[in-house]
Amino acid sequence: MRPKTRLDPVVKLEEQREELSLRAMADASRKLKTAEELLADKRARAVTDNRRTASAWDWQLAELSHTRALSDVRVAELALRVAGEESNVTRDRYAAVHSKAEALRRVAAVRVDEIVQARVTAERREFDDLAILRHKTHTN
């Protein structure tokens with residue numbers, strides 16, 4: 001059984017922070033993917049040419065529609081840029097939290113090894129003392 005250390009609650013808190021950071025990174029990644037898909041859709045709409053043989057009024061409406069589509073592309077590009085920055089920030093934050101949690105886990109593992117080694121040493125010492133006592137009682 002793994003011995004308990006005073007670091008265990010700290011490690012648990014850092015692992016919870018790590019999990020929250022991982023979720024935030026996943027959310028940011030989903031937002032980035034959605035923004036990429038939206039941009040691709042808006043660009044596809046902006047590329048289409050809806051002008052046809054018609055009156056000047058229809059052409060003007062088509063031109064206004066195309067202008068709106070280009071504006072939508074710019075908005076989608078901005079949303080993609082913001083989502084990309086958010087994704088980078090959450091990735092960096094997760095990396096920092098993960099490395100801190102990993103360092104605490106390593107320190108806790110070293111402390112557990114020290115406790116186990118101290119127990120083994122104490123047990124050996126106790127067995128040695130018992131062996132010495134037994135040997136003394138049998139030789140007398």
Side-chain angles (χ1 to χ4, degrees):
M1 187 169 121
R2 184 183 182 277
K4 301 271 186 207
T5 67
R6 289 186 291 176
L7 286 174
D8 289 344
V10 177
V11 170
K12 186 175 179 178
L13 285 173
E14 281 304 314
E15 287 175 343
Q16 288 172 351
R17 285 189 187 116
E18 183 182 24
E19 181 66 29
L20 288 174
S21 293
L22 187 60
R23 286 183 192 156
M25 189 173 71
D27 288 343
S29 179
R30 277 192 296 278
K31 287 179 185 176
L32 180 62
K33 185 171 176 21
T34 301
E36 288 170 345
E37 291 169 355
L38 181 65
L39 178 60
D41 181 51
K42 296 296 181 182
R43 282 185 176 161
R45 286 185 183 176
V47 170
T48 60
D49 187 8
N50 294 327
R51 294 179 293 180
R52 59 188 187 284
T53 305
S55 67
W57 173 248
D58 286 337
W59 272 56
Q60 189 176 9
L61 253 141
E63 192 61 33
L64 285 172
S65 174
H66 184 68
T67 303
R68 176 63 185 189
L70 292 176
S71 175
D72 289 346
V73 167
R74 282 191 287 285
V75 169
E77 286 173 342
L78 178 63
L80 178 63
R81 198 171 319 122
V82 168
E85 290 170 2
E86 182 183 349
S87 178
N88 290 338
V89 167
T90 57
R91 189 177 332 111
D92 294 344
R93 191 176 300 137
Y94 172 74
V97 170
H98 175 72
S99 65
K100 185 177 179 182
E102 190 61 33
L104 281 170
R105 282 190 285 267
R106 282 194 302 265
V107 168
V110 167
R111 182 64 186 127
V112 166
D113 290 342
E114 289 171 353
I115 291 170
V116 168
Q117 187 60 39
R119 286 180 183 172
V120 167
T121 303
E123 188 176 304
R124 282 186 188 152
R125 190 173 299 128
E126 187 177 330
F127 284 139
D128 288 347
D129 291 345
L130 288 173
I132 290 171
L133 285 173
R134 186 171 183 179
H135 178 70
K136 284 184 178 181
T137 57
H138 285 318
T139 57
N140 286 341

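Just so we're clear, the structure is a prediction, and the values are computed from it rather than from any experiment.
Considering OG of Ser71 and NE2 of His66, their distance stands at 11.5 Å, rounded to 0.5 Å. Once rounded to the nearest 0.5 Å, the distance linking OG of Ser87 with NZ of Lys33 reads 13.0 Å. Here the straight-line distance linking atom CG of Leu32 with atom CD of Glu36 works out to 4.5 Å at 0.5 Å rounding. Considering OG1 of Thr90 and NZ of Lys31, their distance stands at 9.5 Å, rounded to 0.5 Å. With rounding to the nearest 0.5 Å, the separation of OG in Ser65 from CD in Gln60 is 12.5 Å. Atoms CD and CD, from Glu102 and Glu15 in turn, are 9.0 Å apart once rounded to the nearest 0.5 Å.
Judged as a ring pair (Phe, Tyr, Trp, His ring centres under 6.0 Å), and not counting sequence neighbours, the contacts of His98 are Tyr94.
Taking all atoms of both residues into account, the shortest heavy-atom contact from Asn88 to Arg91 is OD1-NH2, 2.9 Å. Heavy-atom minimum distance, Ala83 versus Ala35: CB-CB, 4.2 Å. For the residue pair Arg111 and Thr5, the shortest heavy atom distance occurs at CG-CG2, 3.8 Å. Taking all atoms of both residues into account, the shortest heavy-atom contact from Leu104 to Val11 is O-CG2, 3.8 Å.
Between Pro3 and Val116, the closest side-chain pair of non-hydrogen atoms falls below 4.5 Å. Asp8 is listed as a side-chain neighbour of Arg2, based on a closest heavy-atom distance under 4.5 Å. Ile132 is not listed as a side-chain neighbour of His135, based on a closest heavy-atom distance of 4.5 Å or more. Counting heavy atoms from C-beta outward, Gln16 and Glu19 have side chains that stay 4.5 Å or more apart.
Using a 4.0 Å cut-off between a side-chain N of Lys or Arg and a carboxylate O of Asp or Glu, Arg68 and Asp72 qualify as a salt bridge. A salt bridge is defined here as a Lys NZ or Arg NE, NH1 or NH2 lying under 4.0 Å from an Asp or Glu carboxylate O, and Glu85 with Arg81 fails to meet this definition. The residues Arg105 and Glu18 are annotated as salt-bridged, a charged nitrogen and a carboxylate oxygen being separated by less than 4.0 angstrom.
With Thr34 contributing its side chain and Arg30 its backbone, the two residues share a donor-acceptor pair below 3.5 Å. Here the side chain of Ser29 pairs no donor or acceptor atom with the backbone of Met25 at under 3.5 angstrom.
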* **Test log, rule side chain to side chain contact (heavy atoms under 4.5 Å, CB included), inputs Arg43 and Glu77** => CA-CA 10 Å; Arg43 282 185 176 161; Glu77 286 173 342; 3.0 Å; yes

